[in-house]
A.B. asks: 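Have a look at the structure that comes next, please.
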Amino acid sequence: MRIGIVTGGGDCPGLNAVIRAFTKATLNNSDWEVVGIADAFGGLLQDEPYVIPLDRAAVSGILPEGGTILGTSNRADPFKYPVLNVEGEVRYEDRSSLLLSRLKEFAIDAIVMIGGDGTMRIAKRLSDMGVKIVGVPKTIDNDLFATDVTFGYDSACNIAMEAIDRLHTTAYSHHRIMICEVMGRDAGWLALQSGLSGGADVILIPEIPYSIDNIVARLDERRRHKQLFSIIVVAEGAKEIGGDASVVGQGHDAPRYGGISYVLENKLKSRINQEVRSVVLGHLQRGGSPTHFDRVLASRYGEFALQLIEKGLFGHITALQNGEIVPVSLDVATQKIKLIEPETCQTLQTAKKLGICFG
Ligand code: F6P
């Protein structure tokens with residue numbers, strides 16, 4: 001058998017660890033071959049298609065490397081593939097049948113698809129068309145419903161936590177309010193975990209629309225207690241009660257969030273007599289080396305993906321549930337995304353009891 005491995009959607013730390021683990025496990029335990037498909041499915045869908053042979057040398061030394069050696073894209077969707085017309089305008093084509101014929105041409109019998117919710121929805125459609133697919137869930141947003149944790153999330157939380165630590169010393173020295181904007185799309189996991197671990201005073205998440213009055217009250221209270229600085233962590237998808245998320249553009253299949261920290265900064269400036277500054281962490285959260293947790297999780301996912309193929313369990317993803325890696329069908333995995341449920345989320349309740357304001 002010849003197995004193609006592909007990374008789709010945004011990059012995150014740990015992608016290379018999955019590629020390496022899957023390739024090593026396959027070469028060590030079977031007589032199958034592994035090839036990489038470049039730039040999501042771009043490498044197979046372009047005019048001169050190609051695949052990247054993956055042998056032991058190709059995956060050697062990539063465990064600690066961020067990004068993906070295969071390249072990725074959140075636009076190389078075979079069902080909505082962007083092509084430029086002669087006027088230079090983008091139009092979209094369904095290239096799914098082309099993909100099927102290219103898979104045949106390159107003798108690829110099965111695919112391991114590493115990606116987030118968008119990639120898993122593509123995997124589901126391909127699987128419904130008869131492609132033998134196994135999914136591996138990644139995203140710094142941790143919003144995939146079927147798994148307790150996606151890899152990449154722990155690394156991003158650590159990066160954000162370290163940034164918040166650094167903001168503390170400058171906030172403290174200047175008696176300022178520092179706002180730190182983190183990613184996460186519609187989910188507040190990254191903001192909650194990095195804010196709690198970084199000692200934030202206010203955490204704003206998309207799941208709880210905030211009131212400026214409540215934030216101002218919390219900042220005033222801190223000043224009354226002679227705590228002359230404060231740290232606010234805001235998720236990019238957060239919004240004021242009755243307001244909208246701050247959108248900076250349109251992505252392939254969803255709006256691109258960003259800039260809520262500046263919106264908040266301006267509103268707070270008119271309400272409090274204290275300097276306010278904002279930092280948007282942006283793609284820094286997706287860069288660099290994976291943490292120990294993500295390296296282990298990515299390696300376990302990569303090896304388990306091989307087990308799924310060996311058992312013929314196509315149309316499934318690898319998922320972490322209560323410490324064990326288990327298969328979950330793509331049907332179930334793509335039903336919905338996982339958001340914070342404020343009433344039942346233990347971590348959020350703990351944060352509240354520590355005095356963190358959620359707006
Ligand atoms: O899904 C991962 C993520 O980093 C989100 O947190 C963020 O909203 C989005 O991707 C940014 O996408 P892009 O890299 O296309 O700007």
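Fair warning: this is a prediction, and the values are worked out from it, not measured in the lab. We count ligands from 1, going down the list as the structure has it; atoms in each ligand are counted the same way.
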A.B. asks: When you look at CZ of F106, are more than 12 heavy atoms from neighbouring residues, nucleotides or ligands closer to it than 6.0 Å?
C.D. replies: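 Yes.
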
A.B. asks: With a 3.5 Å cut-off and no angle check, do the side chains of T23 and R56 form a donor-acceptor pair?
C.D. replies: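 T23 vs R56: no donor-acceptor pair found between side chains.
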
A.B. asks: Looking only at protein heavy atoms, identify the closest one to atom 1 (O) of ligand 1 and say how far it is in Å.
C.D. replies: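 Ranking protein heavy atoms by distance from atom 1 (O) of ligand 1, first comes D141 OD2, 2.7 Å.
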
A.B. asks: Give me the nearest non-hydrogen protein atom to atom 7 (C) of ligand 1 as residue plus atom name, then the distance to 0.1 Å.
C.D. replies: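 Going atom by atom, the protein heavy atom closest to atom 7 (C) of ligand 1 ends up being E236 OE2, 3.3 Å.
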
A.B. asks: Using a 6.0 Å cut-off, check whether atom CZ of R166 has over 12 heavy atoms from anything other than its own residue.
C.D. replies: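 Open.
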
A.B. asks: Taking the basic N atoms (NZ, or NE/NH1/NH2) and the acidic carboxylate oxygens, is any pair closer than 4.0 Å for R91 and E89?
C.D. replies: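 The answer is no: the pair does not qualify as a salt bridge.
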
A.B. asks: At under 4.0 Å between heavy atoms, which part of L190 makes contact with ligand 1: side chain, backbone, both or neither?
C.D. replies: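 Under 4.0 Å from ligand 1, L190 contributes no heavy atoms.
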
A.B. asks: If you measure from each heavy atom of H283 to ligand 1, is any distance below 4.0 Å?
C.D. replies: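 In this structure, H283 qualifies as a contact of ligand 1 - some heavy atom is under 4.0 Å.
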
A.B. asks: Will you find, in the side chains of T291 and N158, an N or O donor that is under 3.5 Å from an N or O acceptor?
C.D. replies: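 The criterion, which ignores hydrogens and geometry beyond distance, is not satisfied for N158 and T291.
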
A.B. asks: Going by distance only, is there an N or O of G184 that falls short of 3.5 Å from an N or O of ligand 1?
C.D. replies: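 Yes, since at least one N or O of G184 sits under 3.5 Å from an N or O of ligand 1.
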
A.B. asks: To check your reading of the model: name the closest protein heavy atom to atom 15 (O) of ligand 1, its residue, and the distance in Å.
C.D. replies: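 Here the nearest protein heavy atom works out to N74 ND2, 3.1 Å.
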
A.B. asks: Could you identify the single nearest non-hydrogen protein atom to atom 3 (C) of ligand 1 and state the distance to 0.1 Å?
C.D. replies: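 Nearest protein contact, heavy atoms only, for atom 3 (C) of ligand 1 is R286 NH1, 3.5 Å.
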
A.B. asks: Does ligand 1 have any atom sitting under 4.0 Å from a heavy atom of G251?
C.D. replies: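 Distance cut 4.0 Å: G251 fails for ligand 1.
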
A.B. asks: Could you tell me whether some N/O pair between R256 and ligand 1 is separated by less than 3.5 angstrom?
C.D. replies: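 N/O-N/O distance below 3.5 Å does not exist for this pair.
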
A.B. asks: Return the minimal non-hydrogen interatomic distance between F229 and D201, and the atom names on each side.
C.D. replies: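 Here F229 and D201 meet closest at O-OD2, 4.4 Å.
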
A.B. asks: Determine, using the 4.5 Å side-chain heavy-atom cutoff (strictly less than), whether I260 and L281 are members of one ILVMFWY cluster.
C.D. replies: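 No; tracing contacts between hydrophobic side chains, which count when under 4.5 Å, never links both residues.
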
